[in-house]
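Worth knowing before you read on, the calculation uses all heavy atoms, side chains too, and leaves out hydrogens, waters and symmetry mates.
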Amino acid sequence: MIDFQSGYILRPVNPVFIYFSLFCALMLNLLPIGNYGWVPDWLILCIVFWNIHQHRYVGVVWAFLFGLLMDVHNSDLLGLHAFSYSLVAYIAISWHRRITALAVFTQAFHLLPIFLLVSLFPVLVHWMLSGEFYWWALTGAIQASIEAMLWPLATRILLAPQRRPVDVDHNRPI
């Protein structure tokens with residue numbers, strides 16, 4: 001894979017690192033911080049990243065399973081996060097060629113609708129099922145904006161093990 005911003009060829013990704021980063025994102029989501037609008041969904045940020053960059057390792061099935069875990073954790077309607085996570089994973093996989101060709105900050109703007117979909121889908125489902133609309137739940141738009149702002153940092157951190165050093169050592173074969 002080529003890093004289009006720097007022009008360097010990236011090393012192959014280690015699957016252990018992918019699953020470790022997903023586990024860390026899940027643990028960050030399980031922290032008892034609360035369900036505030038300023039708390040980003042770390043897991044969806046990581047799922048979208050790996051679906052864009054390495055969709056052969058993390059796909060729609062993994063997103064569905066993580067969504068079920070988040071439904072159980074939030075004591076929410078079973079399948080709500082599972083459906084939204086798997087839908088977002090499908091969209092991220094279908095957009096992965098277009099997204100990787102863009103600069104990192106432009107990627108964040110293109111991914112904002114995906115993050116909005118994940119944040120506002122549970123609000124819309126609860127509104128359709130109960131008939132009551134909670135205006136405070138629209139803070140999911142703030143959460144999606146924060147996730148989009150965190151995208152360049154997540155890209156920098158999650159691609160760091162794959163980057164080749166700038167100074168090439170001719171004594172090292174790779």
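Under the 6.0 Å cut-off for aromatic ring centres, F121 and F83 qualify, their centroids lying closer than that. Taking the six-membered ring for Trp, W62 and Y19 have ring centres closer than 6.0 Å.
Taking CZ from F23 and CG from L28, the interatomic distance works out to 10.5 Å, rounded to the nearest 0.5 Å. L116 contributes atom CG, which lies 9.0 Å from atom CD of E147 (distance to the nearest 0.5 angstrom). Here L158 contributes atom CG and I18 contributes atom CD1; the two are 9.5 Å apart, rounded to the nearest 0.5 Å. The CZ atom of F49 sits 5.5 Å away from the OG1 atom of T155 when rounded to the nearest 0.5 Å. Expressed to the nearest 0.5 Å, how far CD1 of I52 lies from NE2 of H110 amounts to 11.0 Å. Atom-to-atom distance recorded for Q54:CD and H96:NE2 is 9.5 Å, nearest 0.5 angstrom.
Counting only distance, with no hydrogens or angles, the side chain of D71 and the backbone of G79 share a donor-acceptor pair below 3.5 Å. Here the side chain of Q162 pairs no donor or acceptor atom with the backbone of L10 at under 3.5 angstrom. At least one donor-acceptor pair closer than 3.5 Å links the side chain of S86 to the backbone N or O of A82.
At least one side-chain heavy atom of L117 sits less than 4.5 Å from a side-chain heavy atom of I91. Put simply, the side chain of M70 does not reach to within 4.5 Å of the side chain of D76, judged on heavy atoms.
Residue L31 is grouped with residue W38 when hydrophobic side chains (ILVMFWY) are merged at heavy-atom distances under 4.5 angstrom, including chains of intermediate members.
In this structure, W127 and F133 have perpendicular ring planes: the angle between them is above 60°, well past the 30° mark. Ring geometry for Y85 versus H81: interplanar angle over 60°, hence perpendicular rather than tilted (30 to 60°). Aromatic ring orientation, W151 versus F115: tilted (interplanar angle from 30° to 60°).
Side chains of Y57 and N14: no donor on one and acceptor on the other come within 3.5 Å. Using modelled atom types, one finds a donor on one side chain and an acceptor on the other under 3.5 Å when comparing S21 with W50.
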When you look at L129 and L77, which way does the side chain to side chain contact (heavy atoms under 4.5 Å, CB included) test go after all the steps?
CA-CA 11 Å; L129 292 178; L77 185 64; 3.5 Å; yes
